[in-house]
Amino acid sequence: MGCCQSSLLQLKKPSADVNEQNNPQGQKNHHHQNGEEAPPADECVEFSFADLKAATNNFFSEYIVSESSDKSPNVVYKGCLQKENNRRCIAVKKFTKAAWPDRKQFAEEASGVGKLRNERLANLIGYCCEGDERLLVAEYMPNCTLAKHLFHWEKQTIEWAMRLRVSLYIAEALQYCCQEKRPLYHDLNADRVLFDENGDPRLSCFGLMKNSMDGKSYSTNLAYTPPEYLRDGTVIPESVMYSFGTILLDLLSGKHVPPNQALDMIGGKNITLLMDSHLDGKFSTEEATLVFELASQCLQYEPRNRPSIRELVAALTPLQNNSDIPSYEMLGIPKHEEIPLAPQLPLSVMGDACSRVDLTAIHQLLLVSHYKDDDGSCELSFQEWTQQIRDMLEARKRGDMAFRDKDFIEAIDGYTTFIDVGNIVSPTVYARRSICYLLCDKPDAALRDAMQAQLAHPEWPTAFYLQAVALVKLGMHKDAADMLNEASTLEKKRHNRGSRGY
């Protein structure tokens with residue numbers, strides 16, 4: 001099936017006086033996924049608003065990855081830059097129109113942050129200040145935030161060695177920023193710590209800019225705000241050390257504990273009172289005590305009594321264990337996989353999740369969509385409403401409950417009973433069982449189910465997308481890329497017809 005080629009992005013380069021910078025010595029050159037070369041380290045791209053509008057599907061609500069609030073009025077979207085057969089996922093922070101009224105000041109601030117390039121940062125790659133629009137564009141980090149993994153985890157909490165790695169990597173990120181004369185980081189907290197495709201911790205570049213030209217630098221609860229900021233609204237490098245201390249407490253406790261409460265809780269008593277119970281005692285008391293002492297030093301009331309970032313890096317480096325184990329293993333996430341050839345059409349949310357082989361996201365999307373794509377495909381006559389049919393639908397209900405609860409073996413059992421016993425052909429059941437098989441590392445069975453979903457619903461893009469995922473799991477990367485293109489083309493046709501679905 002043929003595909004239409006997407007239009008080439010038109011990027012505007014900032015003026016030379018904004019771009020001049022020498023590549024920091026020893027820093028790596030970063031590249032787009034799938035081989036597309038990233039902007040050079042000395043280049044921060046100025047995007048047109050049309051580019052970013054297209055990349056985020058007109059800032060579609062499903063692309064929001066960070067909600068706005070009264071304390072943080074700016075919204076972050078996931079986007080995808082498309083260039084022929086290459087794509088790059090991006091994070092786009094959209095400011096309110098009144099946040100940065102001075103276009104030149106916004107461009108200068110963004111360009112300054114955009115000069116930073118470090119493997120410990122989620123780097124800023126561009127910005128937009130067209131008309132009243134003010135946006136920042138950064139590398140997209142697909143594996144959520146430290147807050148999500150510490151406070152809202154689903155499968156497993158972060159093991160101790162990984163928590164120590166997070167503390168060091170973020171300290172190294174802050175040290176790099178200080179070396180590059182960008183020592184101020186606004187509102188450092190667990191939501192600013194992101195995990196990349198390999199599970200490595202990165203510090204969001206967005207905190208290197210204020211939320212507005214004249215606005216507040218801190219948006220978190222006052223209990224976590226540096227004392228000097230509460231006194232006179234001043235943000236100094238030592239303020240960042242105070243906030244880093246709160247992150248160390250988060251890593252110790254697995255909860256967002258106010259500093260005063262945490263310090264009072266210990267008060268010379270055993271460190272285990274503070275430690276995250278979900279670690280089940282699997283940590284070094286000696287190491288935990290040292291981390292707590294570092295946190296206590298960071299949280300000193302007087303800024304001059306807090307340690308420097310260099311001292312923190314020096315103290316945290318010897319604590320690193322299991323350095324030969326990749327972060328994705330310690331974080332409990334799958335090894336990064338991606339279908340090697342990007343489709344020639346922009347991808348939907350489902351298409352993007354399948355292209356990244358993000359099984360968790362695919363499961364969630366199938367759960368939310370329920371059975372809407374089965375409309376009209378499960379018609380039964382009056383005579384068919386027998387006890388057998390009722391039993392079959394009860395089996396599907398059992399499968400659905402297990403699917404919701406992520407009990408994938410039980411879900412497979414329920415859906416298998418539905419398929420084997422009944423007369424109803426449901427493409428959604430096949431799709432759901434397919435992703436369950438993938439999550440149970442059974443790609444052969446997953447591919448068969450995705451093909452059955454296609455037979456039941458020949459023009460359903462999801463069936464093709466799931467085949468692409470199963471094929472890449474089977475090592476058939478060329479076939480997976482072809483199937484991904486097929487799915488995106490079907491999706492485009494479906495969209496043009498005004499049909500529902502992914």
Side-chain angles (χ1 to χ4, degrees), residues 33-34 55-57 60-67 76-80 82 87-92 122 139-149 152-156 194-199 327-328 331-340 342-343 346-373 400 402-408 411 428 430-443 446 449-450 453 460-473 480 483-484 487-488 491 501-502:
Q33 295 173 8
N34 301 315
T56 58
N57 195 15
F60 187 34
S61 60
E62 284 191 20
Y63 286 64
I64 293 176
V65 293
S66 178
E67 295 280 6
V76 179
Y77 296 83
K78 179 186 176 181
C80 184
Q82 194 78 22
R87 73 187 184 282
R88 186 183 194 184
C89 290
I90 55 173
V92 181
E139 296 173 312
Y140 178 71
M141 301 291 111
N143 284 308
C144 302
T145 65
L146 177 61
K148 173 71 182 297
H149 286 282
H152 310 291
W153 53 276
E154 296 174 345
K155 291 186 178 180
Q156 69 178 61
L194 313 172
F195 293 93
D196 66 16
E197 65 273 7
N198 297 313
S327 292
Y328 67 83
L331 202 60
I333 60 174
K335 182 179 180 181
H336 174 64
E337 294 181 277
E338 188 161 344
I339 297 177
L347 289 169
S348 64
V349 177
M350 172 62 84
D352 178 68
C354 290
S355 75
R356 293 183 291 106
V357 197
D358 188 340
L359 304 185
T360 301
I362 298 168
H363 166 262
Q364 184 62 30
L365 289 166
L366 287 174
L367 183 65
V368 170
S369 67
H370 199 56
Y371 284 87
K372 68 179 182 181
D373 285 292
D400 287 344
F403 190 78
R404 180 199 64 193
D405 296 336
K406 301 183 180 180
D407 184 350
F408 300 116
T428 298
Y430 279 115
R432 286 183 167 216
R433 195 172 70 168
S434 177
I435 189 61
C436 288
Y437 278 131
L438 285 167
L439 285 158
C440 293
D441 198 24
K442 296 181 178 179
D449 272 0
W460 190 30
T462 297
F464 290 81
Y465 279 133
L466 288 171
Q467 288 179 61
V469 176
L471 286 166
V472 82
K473 286 289 187 180
M483 192 60 68
L484 191 71
S488 63
E491 197 163 40
Y502 293 116

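We use all heavy atoms of the structure for the numbers below, so side chains are in, but hydrogens, waters and symmetry mates are not.
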Looking at side-chain heavy atoms only, is the closest gap between [X] and [Y] below 4.5 Å?
X	Y	result
M350	T462	yes
H149	C144	yes
D352	S355	yes

Gap between atom [atom2] of [Y] and atom [atom1] of [X] - 0.5 Å precision:
X	Y	atom1	atom2	result
L438	L466	CG	CG	7.0 Å
K148	L194	NZ	CG	13.0 Å
R432	S369	CZ	OG	6.5 Å
C354	M483	SG	CE	12.0 Å

Atom of [X], atom of [Y] and distance for their closest heavy-atom approach:
X	Y	result
P443	A470	O-CB, 3.9 Å
L484	G351	CD1-O, 4.2 Å
V92	I90	CG2-CD1, 3.6 Å

Flag for Y371-D400: side-chain donor and acceptor within less than 3.5 Å = yes

Side chains of E491 and Y465: donor-acceptor distance under 3.5 Å anywhere?
->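 Checked: E491/Y465 side chains pair up, N/O donor to acceptor below 3.5 Å.
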
Contacts of F464 meeting ring-ring contact (aromatic ring centres under 6.0 Å, His included) (sequence neighbours excluded), chain-then-number -> none

Output all residues satisfying ring-ring contact (aromatic ring centres under 6.0 Å, His included) with Y77, sequence neighbours left out; order by chain, then residue number.
-> F59

Among all residues two or more places apart in sequence or in another chain, which pass the side-chain hydrogen bond (donor to acceptor under 3.5 Å, both in side chains) test with [X]?
X	answer
T56	none
D196	R202
K442	none

Could you tell me how the ring of H363 sits relative to the ring of F408: parallel (under 30°), tilted (30 to 60°) or perpendicular (over 60°)?
->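 Correct class here is perpendicular.
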
From I435, D373, T428, residue fulfilling side chain to side chain contact (heavy atoms under 4.5 Å, CB included) relative to L366 | I435

Partners meeting salt bridge (Lys or Arg N to Asp or Glu O under 4.0 Å) with K406 (sequence neighbours left out) =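 Applying salt bridge (Lys or Arg N to Asp or Glu O under 4.0 Å) to K406 gives E154.
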
Any Lys/Arg nitrogen of E197 or R356 sitting under 4.0 Å from an Asp/Glu carboxylate oxygen of the other?
->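 No, E197 and R356 are not salt-bridged.
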
